[in-house]
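Below, each value reflects all heavy atoms present in this structure, side chains not excepted, and no hydrogens, waters or symmetry copies.
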Amino acid sequence: MSTIEEPQPAGLMRRLGALFYDGLIVIAIEMMAAGIVIAILHALIALGVFNVAPYVDVSDFLTMHPIWGPIYTFYLAAVWIYFFVFFWTKAGQTLGMRAWKLQIRNSDGSAISTRQALIRIATSCFGLANLTVPIDPKKRGFHDIWAKTQVIVLNQAQ
């Protein structure tokens, strides 16, 4: 006779480990996303279609231009947010969470919604919301409480 174990909530250290892994992945993805924009602008400059004057270079243009600077920043933020929303809603795990055997889900075991994922991101304070895990009886981060989600540790069978 087999017994079904109740999933255990994830502790702080495991969450921070997954966050560190995901941070490295997001940095790499952001570098590629930025590189694509910079490569396109350099190609347009080489074709004579675009000129960054009076800015020093493409980087200066993307950070200092009053219109394109905020658009570029929004683009990079959207890439970062999409990474988490995509993985949380589709698989319940980011790549870092998979490595640390964590999964995010609703209390009934179902996948979280896009709205819940966006609430988690908006209330996560770049990971600082996890600092409430040790003091919460259900080991929830501040963002888990607001989004009504839970992060569990997967056992070997899952």
Q: Hey, what do you get for CG (Leu154) to CD (Gln103), rounding to the nearest 0.5 Å?
A: 5.0 Å
Q: Any donor-acceptor pair under 3.5 Å linking the side chain of Gln116 with the backbone of Ala147?
A: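 Side chain of Gln116 to backbone of Ala147: a pair is present.
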Q: Would you name the heavy atoms of Tyr55 and Pro66 that are closest together and state the gap between them?
A: OH-CD, 3.5 Å
Q: Side chains of Asp22 and Met97: closer than 4.5 Å at any heavy-atom pair?
A: yes
Q: Is there side-chain contact between Ile81 and Leu118, with at least one heavy-atom pair below 4.5 Å?
A: yes
Q: How far does CZ of Arg98 sit from CD of Gln93, to the nearest 0.5 angstrom?
A: 5.0 Å
Q: Could you tell me which non-hydrogen atom of Tyr75 sits nearest to which non-hydrogen atom of Ala33, and how far apart they are?
A: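 Closest approach of Tyr75 to Ala33: OH-O, 3.1 Å.
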Q: According to a hydrophobic-cluster definition based on side-chain heavy atoms being under 4.5 Å apart (Ile, Leu, Val, Met, Phe, Trp, Tyr only), do Leu12 and Ile104 belong together?
A: no
Q: Quick one: ring-ring contact (aromatic ring centres under 6.0 Å, His included) partners of Phe87, sequence neighbours excluded?
A: Phe83
Q: Checking Asp108 against Ser110: is there a side-chain donor and acceptor pair closer than 3.5 Å?
A: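 Side chains of Ser110 and Asp108: pair found under 3.5 Å.
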Q: Just so I know, are the side chains of Leu41 and Leu62 near enough to count as touching, which here means a heavy-atom distance under 4.5 Å?
A: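 With C-beta onward as the side chain, the pair touches.
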Q: Working to the nearest 0.5 Å, report the span between CZ of Phe142 and OG of Ser124.
A: 10.5 Å
Q: Can the ring centroids of Trp88 and Phe84 be said to lie less than 6.0 angstrom from one another?
A: yes
Q: Would a 4.5 Å heavy-atom cut-off, applied to side chains only, mark Val85 and Thr114 as touching?
A: yes
Q: Taking the side chain as everything from C-beta on, heavy atoms only, tell me whether Asp60 gets closer than 4.5 Å to Val52.
A: no
Q: Are Ile36 and Val49 joined in one hydrophobic group, where the rule is that I, L, V, M, F, W and Y side chains link up if heavy atoms are under 4.5 Å apart?
A: yes
Q: Less than 4.5 Å apart, any side-chain heavy atom of Ile29 and any of Val79?
A: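 Result yes, sub-4.5 Å side-chain heavy-atom pair found.
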Q: Does a side-chain heavy-atom distance below 4.5 Å link Asn130 with His143?
A: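 Counting from C-beta outward, Asn130 and His143 do come under 4.5 Å.
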Q: Looking at every heavy atom in both Arg105 and Pro7, which two are closest together, and how far apart are they?
A: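 Smallest interatomic distance, heavy atoms only, reads NH2-CG, 2.7 Å.
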Q: As an exercise, state the distance from CG of Leu95 to CG of Leu24, rounded to the nearest 0.5 Å.
A: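 CG of Leu24 is found 11.5 Å from CG of Leu95.
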Q: Do Met64 and Leu76 land in one hydrophobic cluster if side-chain heavy atoms of ILVMFWY residues count as linked below 4.5 Å?
A: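 In one cluster: yes.
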Q: Side chains of Thr132 and Asp136: any donor to acceptor distance under 3.5 Å?
A: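 Short answer, no.
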Q: Where is the tightest heavy-atom contact between Arg15 and Lys139, given as atom of each residue plus distance?
A: NH2-O, 3.1 Å
Q: If you take all heavy atoms of Leu102 and Ala18, which pair is closest and at what distance?
A: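 The pair with the smallest heavy-atom distance is CD1-CB, 3.9 Å.
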Q: Which ring pair (Phe, Tyr, Trp, His ring centres under 6.0 Å) pairs, counting each pair once, include a residue from residues 110-134, with sequence neighbours left out?
A: Trp80-Phe126
Q: Are there over 12 heavy-atom neighbours, none belonging to Tyr21, within less than 6.0 Å of that residue's OH?
A: no
Q: Show your working on side chain to side chain contact (heavy atoms under 4.5 Å, CB included) between Phe20 and Leu16 and close with a plain yes or no.
A: CA-CA 6 Å; Phe20 178 74; Leu16 293 179; over 6 Å; no
Q: Linking I/L/V/M/F/W/Y whenever their side-chain heavy atoms sit closer than 4.5 Å, directly or via other members, would Ile121 and Val133 fall into one cluster?
A: no
Q: With a sphere of 6.0 Å drawn around CZ of Phe50, does it hold more than 12 non-hydrogen atoms of other residues, nucleotides or ligands?
A: yes
Q: For Thr149, is there any backbone N or O sitting under 3.5 Å from a side-chain donor or acceptor partner on Asn106?
A: no
Q: How far does CD1 of Ile145 sit from NZ of Lys148, to the nearest 0.5 angstrom?
A: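 Going from the CD1 atom of Ile145 to the NZ atom of Lys148 covers 10.5 Å.
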Q: For residues Ile67 and Phe61: do they belong to one hydrophobic cluster (side chain heavy atoms under 4.5 Å, members Ile, Leu, Val, Met, Phe, Trp, Tyr)?
A: yes
Q: Under 4.5 Å between any side-chain heavy atoms of Arg14 and Lys101, yes or no?
A: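 The answer is yes; the side chains approach within 4.5 Å.
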